[in-house]
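Every chain is numbered from 1, with letters handed out A, B, ... down the list of sequences.
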Protein chains: 2
Amino acid sequence: MKNLKDILEYAGIKPTIERLSILRYLDSKHDHPTAAMIFNEIETKIPTISKTTVYNSLKLFIDNGIVTPLYITGSEVRYDFATKPHHHFFCEKCGKIYDLIIDCPYMKKTKIQGHQIKQRHGYFRGICKNCLEKEEKAQS
Amino acid sequence: MKNLKDILEYAGIKPTIERLSILRYLDSKHDHPTAAMIFNEIETKIPTISKTTVYNSLKLFIDNGIVTPLYITGSEVRYDFATKPHHHFFCEKCGKIYDLIIDCPYMKKTKIQGHQIKQRHGYFRGICKNCLEKEEKAQS
DNA sequence: TTATAAATTTGTAATGAGTTCAAATATGAA
DNA sequence: TTCATATTTGAACTCATTACAAATTTATAA
Ligand SMILES: [Mn+2]
Ligand SMILES: [Mn+2]
Ligand SMILES: [Zn+2]
Ligand SMILES: [Zn+2]
């Protein structure tokens with residue numbers, strides 16, 4: 001399962017140009033874009049694309065476990081082309097979301113205190129390395 | 001620092017009836033209500049309360065570290081009268097958010113890969129114990 | 001091919017949580 | 001009381017997301 005077309009077909013999703021384009025964007029950038037960011041980017045290549053199609057496609061991907069929605073910022077959903085679960089760091093200053101590869105003992109659990117677990121989310125919030133360095137420079 | 005009035009005063013927040021009422025609700029129920037749920041509840045006691053006051057107060061509490069906003073459901077913010085950081089379990093079926101007291105090694109960290117951490121969030125998503133039992137009964 | 005059905009995309013309108021803002025009200029000091 | 005300041009209120013607004021029906025594309029069968 002190398003290429004994106006295969007991933008969609010394997011999930012029973014017809015790989016239309018729109019859907020492929022959205023998935024390709026998620027795969028290439030691997031930032032954690034909003035629906036608006038995705039729409040704006042795709043629009044430059046497929047000028048007729050509809051915002052609704054972006055939302056429809058993302059929902060389809062999510063329902064099939066291909067994409068994970070991140071509810072971190074509180075203002076809009078960020079989308080992650082997830083291979084395996086991982087932690088995130090959200091910078092309150094620049095809004096960037098970083099992947100954190102840390103091995104947390106609770107990321108494998110499938111049951112906790114009788115509750116059946118389907119998804120695990122761990123994230124931190126603060127000021128990212130980049131923004132910290134900028135602050136330092138500004139003070140010197 | 002036992003009672004709610006003291007908590008507010010200690011934070012430099014004037015303990016008005018509205019603010020105290022909101023905090024009292026968060027403290028008594030300890031579910032993780034939405035702003036709408038809080039508004040509806042307070043309204044029965046203070047019929048003149050405004051939705052804006054609820055949002056204003058919650059923002060004030062958040063800015064002073066008295067309350068933590070939870071971005072978990074994706075549709076609305078849930079509010080937690082946080083004493084110490086802890087994990088959560090969100091039930092996709094009934095919408096309930098449970099506290100999970102598990103000791104995760106990453107909940108104490110203040111810096112990761114150069115990023116300065118201000119908040120730590122860990123939560124799981126799935127079907128809660130209660131809803132699982134209901135399902136079982138329905139099948140027998 | 002042609003006809004027809006099903007799937008997909010599109011655009012517009014609606015939804016709803018949260019915010020803005022200025023007027024009204026309450027509080028507190030002089 | 002008078003005046004300034006803090007708080008509350010309600011209406012209007014924003015904006016991400018959803019609903020929905022029409023238009024278009026794609027698949028299937030005759
Ligand atoms: Mn990620
Ligand atoms: Mn909690
Ligand atoms: Zn940053
Ligand atoms: Zn449940």
Rounded to whole Å, the CD-P distance (A/Glu9 to D/dA27) equals 11 Å
Between C/dG11 (P) and A/Glu18 (CD): distance, integer Å: 11 Å
What is the separation between atom CE on A/Met37 and atom C1' on D/dA16, rounded to the nearest whole Å? 15 Å
Side chains of A/Asp99 and A/His87: do they bring a donor and an acceptor to under 3.5 Å? no
Assign the ring pair B/Tyr106 / A/Phe124 to parallel, tilted or perpendicular, where the plane angle (0 to 90°) is split at 30° and 60°. perpendicular
To the nearest angstrom, the OH-P distance between A/Tyr71 and D/dT17 comes to 9 Å
Tell me what B/Thr52 touches on the nucleic acid: a base, only sugar-phosphate, or nothing, going by heavy atoms under 4.0 Å. base
When you check the phosphate oxygens OP1 and OP2 of D/dT8, does a side-chain N or O of B/Thr16 lie under 4.0 Å from one of them? yes
Please indicate whether A/Ile102 has more than 12 foreign heavy atoms, meaning atoms of other residues, nucleotides or ligands, lying under 6.0 Å from its CD1. yes
Using distance alone, with no hydrogens and no angle criterion, decide if B/His121 and A/His121 have a side-chain donor and acceptor under 3.5 Å apart. no
In whole angstroms, the gap separating C1' of D/dT7 from CG of B/Leu8 amounts to 14 Å
Taking for each residue the nucleotide of DNA chain D bearing the nearest heavy atom, is the 5' side occupied by A/Arg78 or by B/Thr53? B/Thr53
Rounded to the nearest angstrom, tell me the gap between atom NZ in B/Lys59 and atom P in D/dT7. 14 Å
At 4.0 Å (heavy atoms only), tell me whether A/Lys51 reaches a base, stays on the sugar-phosphate, or touches nothing. base
D/dT18 phosphate, OP1 or OP2: any side-chain N/O from A/Tyr55 under 4.0 angstrom? no
NA contact type, A/Ser75, heavy-atom cut-off 4.0 Å: base, sugar-phosphate, or nothing? sugar-phosphate
Residue-phosphate contact under 4.0 Å: A/Thr48 side-chain N/O, C/dT10 OP1/OP2: yes
Pick the closest DNA chain C nucleotide for B/Ile17 and for B/Val77 by heavy atoms, then say which residue is nearer the 5' end. B/Val77
For B/Ile13 and D/dT5, give me the distance from atom CD1 to atom C1', rounded to whole Å. 17 Å
Are a donor atom and an acceptor atom from the side chains of A/Asp80 and A/His86 found within less than 3.5 Å of each other? yes
The answer to which of B/Lys14 and B/Tyr79 contacts DNA chain C further toward the 5' end, by nearest nucleotide, is B/Tyr79
Any idea which of D/dT7, D/dT17, C/dT10 is nearest the A/Ser50 side chain? C/dT10
Would you mind reading off the distance between B/Leu20 atom CG and D/dT8 atom C1', rounded to a whole angstrom? 15 Å
